[in-house]
Amino acid sequence: MNSRFRTAIGLAALLLVALVHGPVCAQDSSPSDPAAIERFEKQVRPILIRHCYNCHSADTKPAGQLRVDDRNGLLIGGDHGAAIVPGDPDASLLIAAVTHSHEDIQMPAEGEKLSDEDIVTLRQWI
């Protein structure tokens, strides 16, 4: 299956998850808040798609059992525990992994490290 087709299938699956479960809004207690949904879709999801979905989504056998394509996946986490702690980016494994400050987990495992701007966006969202 080519990567473009796999990406299209993945995006369709994510849309379905968002419609059923609400958006992945770490801080937001109301997943149906239009402003939170818009912020997530325009700012956060593109970062996760570019850097994380190839290894941590419903389209894959999620590495470390972590899925980042739905809220529960991030809150429950994978083999190393929760990926995010809403309201506390400093306690969030996702931030430790993408800043390479975690001794054992440095993400993305392949490809470019996230830009400082992307990391700030994730920190503010969490």
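If you read the sequence from its start, that first residue is 1, and numbering goes on from there.
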task: Measure across D70 and G73 and return the closest heavy-atom pair with its distance rounded to 0.1 Å.
output: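 Distance-wise, the nearest heavy atoms are OD1-N, 2.5 Å.
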
message: On a heavy-atom basis, which atom in H51 and which in P108 lie closest, and how many Å separate them?
response: O-CB, 3.6 Å

- prompt: When W125 is tested against each of V120, I84, I47 for side-chain contact (heavy atoms from CB on, under 4.5 Å), which residue passes?
  reply: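 Result for side-chain contact (heavy atoms from CB on, under 4.5 Å) with W125: I84.
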
statement: The residue among L74, L122, V98, I126 that forms side-chain contact (heavy atoms from CB on, under 4.5 Å) with S92 is I126

query: Crowded around D79 CG? As in, over 12 foreign heavy atoms under 6.0 Å?
result: yes

message: I'd like to know if R45 pairs up with D69 as an ion pair, taking the criterion as any Lys NZ or Arg NE/NH1/NH2 lying under 4.0 Å from an Asp or Glu carboxylate oxygen.
response: no

Quick one: are [X] and [Y] in side-chain contact, heavy atoms under 4.5 Å?
X	Y	result
D59	Y53	no
Q65	H56	no
I105	H80	yes
D118	R50	yes
H102	D104	yes

Starting at [atom1] of [X], measure out to [atom2] of [Y] and round the result to the nearest 0.5 Å.
X	Y	atom1	atom2	value
D116	T99	CG	OG1	10.0 Å
E110	C55	CD	SG	6.0 Å
S57	R67	OG	CZ	7.0 Å
C52	L66	SG	CG	8.0 Å

- prompt: Applying the 4.5 Å side-chain criterion to the ILVMFWY set and letting contacts propagate, would L75 and F40 be lumped into a single cluster?
  reply: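 Looking at the clustering, F40 is in the same group as L75.
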
query: Who passes side chain to side chain contact (heavy atoms under 4.5 Å, CB included) against A91, sequence neighbours left out?
result: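 If we apply the side chain to side chain contact (heavy atoms under 4.5 Å, CB included) test to A91, skipping adjacent residues, the hits are V85, D88.
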
